Amino acid sequence: MPIQTEHDPRLKRALKTRHISMLALGGVIGAGLFVGSSAVIASTGPGAFITYAITGVIVALVMRMLGEMAAAHPAKGSFVDYARMAFGRPAGYMTGWLYWYFWVIVVGFEAVVGGQIINAWLPDIPVWVIALGLMVGMTLLNLLSVHSFGEAEYWFAGVKVAAIVVFLVVTGLYVFGLWPESKASFANLTAHGGFLPHGIGSLFTGVVVVIFSMTGVEVATLAAAESQDPSRNIRKAVNTVMLRILVFFVLATFFIVVAQPWTDLVPGKSPFVTTLDHIGIPGAGDMLTIVILVAVLSVLNAGLYTSSRLLYVLASNGEAPRWIAGVSKKGVPVRGVIASTLVGYGCVVIAALWPDTVFQFLINSSGTVFLFVYLMICLSQLKLRRRWVAEGNLKFAMWGHPWLPLLVTASIIAVLVSMAFDPSMQVSLLQCLIAIVAIGASYLVLRLSPARRQEGETATRLTESA
């Protein structure tokens, strides 16, 4: 049965190049960098910036592979459609629902985090009430139009990028002795237990944590399908974001461990705040808290957009209830937005009622999903490369094919294997596998049900005639 992957005329091409570029750039800058980097430095030592460099290269190369496919064949479902094209309907179904599962859980989680941040300022309002309020606000924004989403994400991302740039300028001056009364020393790289106090293996175990903080950059290839020139915008987004990821993550971490002894950093507390306090910047904590809140709103906005488009793609191909494929006059898949939002509301309620059981299971099981999605992107590129060459559509080639893609694929598999032997990661991996088995079982139910099979065929015919 043929599957439609070209641009759907019901979706408006209202996103501009600046929206796509900033979405790709801002998508990776969040609480994972501002706060989560403290845990990476604590487990690795001063050499943590190398862990960020290794992970940044992996993510950048995966984006290049995805960029090759998206430039050759722009599709509203991006890597979900490429998985389907490469390995058939089961691969597309699994990839789409896994990625949707990841994002709706992230939306609920980020809403709770945002509620906790605002609750610190307004303690009389319960966290869950604030979280639901944030969800409602972002839902209304996504229901307006795709341009509203793009414009909001542009400014959200702009605030995050500006914060990182200011931090790099200030700490750079401090590190190189150009700041008054600077106490920074490159000796901090080796003077407190060594460059890698926990051994060279810590460089690679840290990749598991870091790669999760870089998730989100691939959303740009989904959004590009709703822009005027998808191929050009994808190429530009991939080219600009690769270097900036490495600069923002690697350089920021390097400056942090040079500015003060790495042992002064406390896991769970933002090393950015600690560093600015060490330099003597007044109000650093309050300023960064506002930036982190903006980052949370950015992820909420992007998460609702991404999950709604994935539901739309799945419904269009008969792999979700077909009523979800309806769109408004402004080209917004309203039902997909509302369906994804309802799951987010459910996560907020679960977080309030069962924070340490059900909610923790959802967080653990969704985190590792991303590695499987990246693995499918790599495998799809390896399979489809010959097709792009034969069709004359290879406009944005991945470097070093097939050896470099094979190396990246092997690296992701190695990360997954390392999780199986890391006690701190085993639960997350196991719970992710449970989620994968559940989604696989749902596919079998879908295919074996005559009514659902007929629904899928009807939805596909309607999509192809649209």
Side-chain angles (χ1 to χ4, degrees), residues 1-13 15 17 20-21 24 59-96 99 217-242 309-310 312-314 316-319 373-409 412 456-457 459-466:
M1 184 191 308
I3 299 293
Q4 185 202 29
T5 57
E6 300 292 350
H7 171 73
D8 192 322
R10 291 176 293 174
L11 298 178
K12 304 297 183 183
R13 287 183 163 175
L15 293 177
T17 299
I20 304 300
S21 297
V59 172
L61 291 176
V62 171
M63 273 299 294
R64 181 79 186 196
M65 283 187 271
L66 182 54
E68 175 186 291
M69 295 185 289
H73 191 96
K76 65 180 183 292
S78 187
F79 48 86
V80 176
D81 285 331
Y82 305 136
R84 184 181 290 112
M85 292 167 65
F87 301 106
R89 184 182 288 274
Y93 180 92
M94 291 290 294
T95 304
Y99 196 64
V217 65
E218 72 293 332
V219 173
T221 62
L222 280 167
E226 294 182 71
S227 66
Q228 287 297 326
D229 191 346
S231 294
R232 184 176 71 88
N233 287 334
I234 288 167
R235 291 196 298 270
K236 184 172 182 180
V238 172
N239 283 333
T240 56
V241 81
M242 288 174 65
R309 267 48 178 189
L310 282 169
Y312 176 80
V313 170
L314 291 166
S316 297
N317 288 322
E319 296 164 346
V373 172
Y374 267 17
L375 181 61
M376 183 55 71
I377 291 173
C378 296
L379 295 175
S380 299
Q381 187 272 338
L382 286 165
K383 180 76 179 291
L384 293 173
R385 175 62 173 263
R386 188 176 298 175
R387 173 175 175 169
W388 308 141
V389 173
E391 294 177 351
N393 286 332
L394 191 62
K395 306 171 184 177
F396 188 65
M398 170 62 184
W399 306 299
H401 184 85
W403 304 113
L404 195 51
L406 285 171
L407 179 61
V408 176
T409 304
I412 294 173
E457 293 171 356
T460 300
R461 286 196 297 271
L462 288 172
T463 302
E464 290 172 346
S465 63

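Only this structure's heavy atoms are used, side chains among them; waters, hydrogens and symmetry mates stay out. Along the sequence shown, residues carry numbers from 1. This structure is a prediction, so every number in the text was calculated from the model and none was measured.
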Next on the checklist: Are the side chains of Y93 and N317 in contact, using a 4.5 Å heavy-atom criterion?
Outcome noted: no
Next on the checklist: Any heavy-atom pair between the side chains of L61 and M398 that's under 4.5 Å?
Outcome noted: yes
Item to check | Reported CG-to-OH distance for the pair L314 and Y99, which is rounded to 0.5 angstrom | outcome: 13.0 Å
Checklist entry - When you measure from the side chain of R385 to the backbone N and O of S380, does any donor-acceptor pair fall under 3.5 Å? => result no
Item to check | Heavy-atom side-chain proximity of C378 to M65 below 4.5 angstrom | outcome: yes
Checklist entry - To the nearest 0.5 Å, what is the distance between CG (L404) and CD (Q381)? => result 9.5 Å
Item to check | Side chain to side chain, E68 and L394, heavy atoms closer than 4.5 Å | outcome: yes
Next on the checklist: Would you say that E319 contacts R89 through its side chain, given a criterion of any heavy-atom pair below 4.5 Å between the two side chains?
Outcome noted: yes
Checklist entry - When rounded to the nearest 0.5 angstrom, what is the spacing between CD1 in I377 and OG in S78? => result 7.0 Å
Checklist entry - Considering only heavy atoms from C-beta outward, does the side chain of F79 approach that of M376 to under 4.5 Å? => result no
Checklist entry - Quick one: CD1 on I412 to CG on L375, what's the gap to the nearest 0.5 Å? => result 6.0 Å
Checklist entry - Do Y82 and T95 have side-chain heavy atoms sitting under 4.5 Å apart? => result no
Checklist entry - Rounded to the nearest 0.5 Å, how far apart are NZ of K383 and CE of M69? => result 12.5 Å
Checklist entry - Between W388 and H73, how do the two ring planes meet: parallel, tilted or perpendicular, split at 30° and 60°? => result parallel
